[in-house]
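The figures that follow rest on heavy atoms only: side chains count, while hydrogens, waters and symmetry mates do not. Chain A is the first sequence line, chain B the second, and so forth, proteins listed ahead of strands; every chain is numbered from 1.
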2 protein chains.
Amino acid sequence: MILNSISVDCVIFGFDKSGLKVLLNQIDREALQNALPKQASSDQIKQIYEKHPVLTQDNYWSLFGEHVPEQQDLDEFAKDLLFQATGLNDVYLQQINAFGSLDRVPYTRVITIGYYALINPDYYSLRQSNLAKSLQWFNLNELPTLCFDHEIIIQQALNKLRQEVMYHPVGFHLLSEKFTLTEIQSLYEVILNKKMDTRNFRKKLAKMELLIDSGEKQQNVAHRAAKLYQFDIQVYEKLKMEGLNFRIE
Amino acid sequence: MILNSISVDCVIFGFDKSGLKVLLNQIDREALQNALPKQASSDQIKQIYEKHPVLTQDNYWSLFGEHVPEQQDLDEFAKDLLFQATGLNDVYLQQINAFGSLDRVPYTRVITIGYYALINPDYYSLRQSNLAKSLQWFNLNELPTLCFDHEIIIQQALNKLRQEVMYHPVGFHLLSEKFTLTEIQSLYEVILNKKMDTRNFRKKLAKMELLIDSGEKQQNVAHRAAKLYQFDIQVYEKLKMEGLNFRIE
DNA sequence: GCAAAAGTGTTCGTTTTACACCCATGT
DNA sequence: ACATGGGTGTAAAACGAACACTTTTGC
C-alpha cells in the first residue's frame with residue numbers, strides 16, 4: 001500500500017567545472033495520462049492542461065520522486081529513492097521542506113516532502129539503473145521546463161544548501177575524495193554566487209585545519225599541477241557540531 | 001474530507017522572565033480511545049499501550065495539531081491551527097520538518113509536518129477559545145510527559161529556532177512591541193543557552209541599528225527604569241534578507 | 001541609605017579585507 | 001617561450017573578548 005497523498009521528491013545536486021547540476025527524470029506523456037483520474041471529463045482535462053501547459057509537451061522533466069509506502073519510514077524511503085536514482089548508498093541527504101499547496105499537482109492532492117542530496121562526481125555517472133534510464137544532469141541555470149512546482153522545490157533546495165554551506169562543512173560532499181583548493185573555491189563561488197579572493201579564501205581554509213595534503217598532484221594538466229587535498233574526518237565531525245563561518249566578503 | 005496520513009503539529013513558543021515556554025494541549029483518554037481502530041483486538045490494544053505508556057495515564061499532553069483537510073493549503077492550515085490555539089493571526093510561523101517514522105503514532109501511519117510559532121507575550125493570554133480550553137504553557141525545561149514523538153518535535157523546533165535566531169532577526173517576535181535591552185539579552189541567553197556580556201551584547205545590537213528608542217521607560221519597577229525600544233521595520237526587513245551574525249562568545 | 005538592575009569605554013588580540021606578483025607545467 | 005592556472009605575504013581597518021564602576025529608582 002502506498003499513501004496517495006504523500007510523496008517524496010529528491011533534488012540531487014552534482015558539481016563539476018561547468019557548475020552546479022541537478023539530476024532530473026524524464027517522464028513521458030502516457031505515464032501521466034494514466035495518472036489522471038479515470039472518470040475525468042474532457043472539460044476537466046482541458047482545464048488541467050491549461051493550468052499546467054508543461055503536460056501537453058510530449059515528454060517533460062521532473063524531480064526523481066514517488067509516493068511513500070505505508071510501511072516505510074520517510075527518511076529511509078528517501079534514501080531508497082536516491083539509491084534507485086544513483087546506485088549510491090552513503091550520501092549526504094537532508095530534508096528541505098514539505099510542499100503542500102492545494103494545486104501543486106493537477107489531478108489530485110499530494111503533499112510532497114522535498115529532500116536534497118549532494119553527490120560526489122567520482123560516482124554519479126557509474127550507474128544508470130533500469131528505473132533510472134531516463135535520468136539526466138542539467139546545469140542549474142539551464143533547467144528544462146519542469147512539471148508541477150518542481151522548479152520551486154529546486155530553488156528552495158538551493159536556498160537550504162546555501163544556508164548549510166555557509167555554516168557547516170558539507171559542501172565537500174560535492175567533491176571527489178581528493179580535490180584542489182581551486183575546486184573548493186569555485187564550488188563555494190557557484191553555490192553562494194559570489195566571487196571570492198583566492199588568498200583570503202585559502203587563509204580561511206587553512207585556519208580550520210580541515211584539509212590534509214594528500215601528497216599527490218593533478219595529472220596531465222596543461223599548467224602547473226595543483227596539490228590534491230583530502231578532508232580530515234575528525235576535524236570534519238568537530239566542525240559539523242560546532243559550525244563554522246564561511247561568509248566571505 | 002481529511003487526509004488520514006498527514007497531520008500538522010505546532011510548537012508554539014512563548015517567552016517571559018521565567019524563560020522559554022511551549023503551549024501544550026491536554027487530551028483526555030476517551031478522545032484517544034475513539035481514535036484507536038474500532039476493530040482492534042484487546043491484544044493489539046495491549047501492545048499499543050505497552051509501546052506508548054503515556055496513553056495509560058488519565059490524560060496527557062500533546063502539541064496542538066490536527067489532520068490536514070484535503071481542500072486546504074498546508075501552510076494555511078498551520079495558520080488556522082495557530083489561530084484556533086491562540087486567537088492570533090499575524091504570527092511568525094515556520095516549518096520545522098516532516099516527521100515520518102513508521103511507529104511514531106501507535107495505531108496508524110501518520111506523517112506529521114511540524115511548525116513552530118513565536119508568540120508575543122502581549123497577546124498570548126488574551127484568548128482561550130472553546131477548542132483551546134485545555135491549553136497550557138509549560139516551561140521548556142519542565143515539560144510534562146508528551147505523547148508520540150512530540151518531545152522530539154519540540155527539541156527539533158528548538159534547534160531550528162536556535163539556528164534561525166543566530167543569523168536572522170526573528171527572536172524579536174517573542175517580545176512585546178516595546179522591550180528593554182535586558183529582555184532581548186535574556187531572550188538570546190535562554191534560546192542559545194549561553195551567558196553573554198552585557199556591554200558587548202549592546203554594542204553589537206547598536207551596530208545593527210535595528211532598534212529605535214521609543215522614548216518611554218519601564219513603569220513601577222523597584223530599580224532604575226530601563227528604556228523601552230521598538231524595532232525598525234525597514235532595518236528588520238533588510239536584515240531578514242541579508243542575515244546577521246549573532247554568534248556571541 | 002540600601003538593594004537591584006541599568007547603563008557605559010578602553011585595551012588588546014584576532015580576523016577581515018584589499019591588493020600583485022612569481023612559479024610550475026605542457027605545448 | 002608562451003599560455004594557463006597555482007600559489008603566496010603584508011599592512012590597515014574592523015571586530016571580538018575581557019573586564020568594573022557609576023547611575024537611577026523604589027522601598
Problem set entry | Between D:dC27 (C1') and B:Asn220 (CG): distance, integer Å | 13 Å
Problem set entry | No-H, no-angle donor-acceptor pair, B:Lys217 side chain to D:dT24 base, under 3.5 Å | no
Problem set entry | Interatomic distance, A:Met196 CE vs C:dT16 C1' [rounded to whole Å] | 14 Å
Exercise. Do side-chain atoms of B:Asp232 reach the backbone of B:Val235 as a donor and acceptor pair under 3.5 angstrom?
Worked result: yes
Problem set entry | Any A:Thr182 side-chain nitrogen or oxygen under 4.0 Å from OP1 or OP2 of D:dG6 | yes
Exercise. Could you state the CD-P distance from A:Gln219 to C:dT27, rounded to the nearest angstrom?
Worked result: 13 Å
Exercise. Do B:Arg199 and D:dA20 share a donor-acceptor pair, side chain to base, under 3.5 Å?
Worked result: yes
For this session: Assess whether side-chain hydrogen bond (donor to acceptor under 3.5 Å, both in side chains) is satisfied between B:Glu151 and B:Gln155, documenting all intermediate values.
Result: CA-CA 6 Å; B:Glu151 194 168 336; B:Gln155 191 51 54; over 6 Å; no
Exercise. Is the backbone of B:Met196 close enough, under 3.5 Å, to the side chain of B:Gln185 for a donor and an acceptor to pair up by distance?
Worked result: yes
Exercise. Which part of the nucleic acid, if any, lies within reach of B:Lys227 when heavy atoms closer than 4.0 Å are counted: base, sugar-phosphate only, or nothing?
Worked result: sugar-phosphate
Exercise. Closest nucleotide of DNA chain D for B:His223 versus for A:Ala225: which of these residues is on the 5' side?
Worked result: A:Ala225
For this session: May I ask you to say whether B:Glu189 pairs ionically with B:Lys194, meaning some side-chain N is under 4.0 Å from a carboxylate O?
Result: no
For this session: Have a look at B:Thr180 and say if it touches a base, only the backbone sugar-phosphate, or nothing, with a 4.0 Å heavy-atom cut-off.
Result: nothing
Exercise. B:Asn200 side chain: which of D:dG26, D:dC19, C:dT17 is closest?
Worked result: D:dC19
Seminar exercise, completed: Separation of D:dG7 atom P from A:Asp197 atom CG, nearest Å, is 15 Å
For this session: Starting from C1' on D:dG6, measure out to OH on A:Tyr229 and report it in whole angstrom.
Result: 10 Å
Exercise. Touch check for A:Lys207, heavy atoms < 4.0 angstrom, all strands: base, sugar-phosphate only, or nothing?
Worked result: sugar-phosphate
For this session: Using atom types as modelled and distance alone, determine if a side-chain donor or acceptor of B:Glu216 lies under 3.5 Å from a backbone N or O of B:Leu228.
Result: no
Exercise. Quick one: on DNA chain D, does A:Glu183 or B:Thr198 contact a more 5' nucleotide (nearest heavy atom)?
Worked result: A:Glu183
Exercise. Between atom NZ in A:Lys204 and atom C1' in D:dT8, what is the gap in whole Å?
Worked result: 19 Å
Exercise. Rounded to whole angstroms, how far apart are CZ on B:Phe201 and C1' on D:dA18?
Worked result: 17 Å
Exercise. Expressed in angstrom and rounded to an integer, what is the separation of B:Leu228 atom CG from C:dA5 atom P?
Worked result: 17 Å
For this session: By nearest nucleotide on DNA chain C, pick out whichever of A:Val221 and B:Arg202 is the more 5' one.
Result: B:Arg202
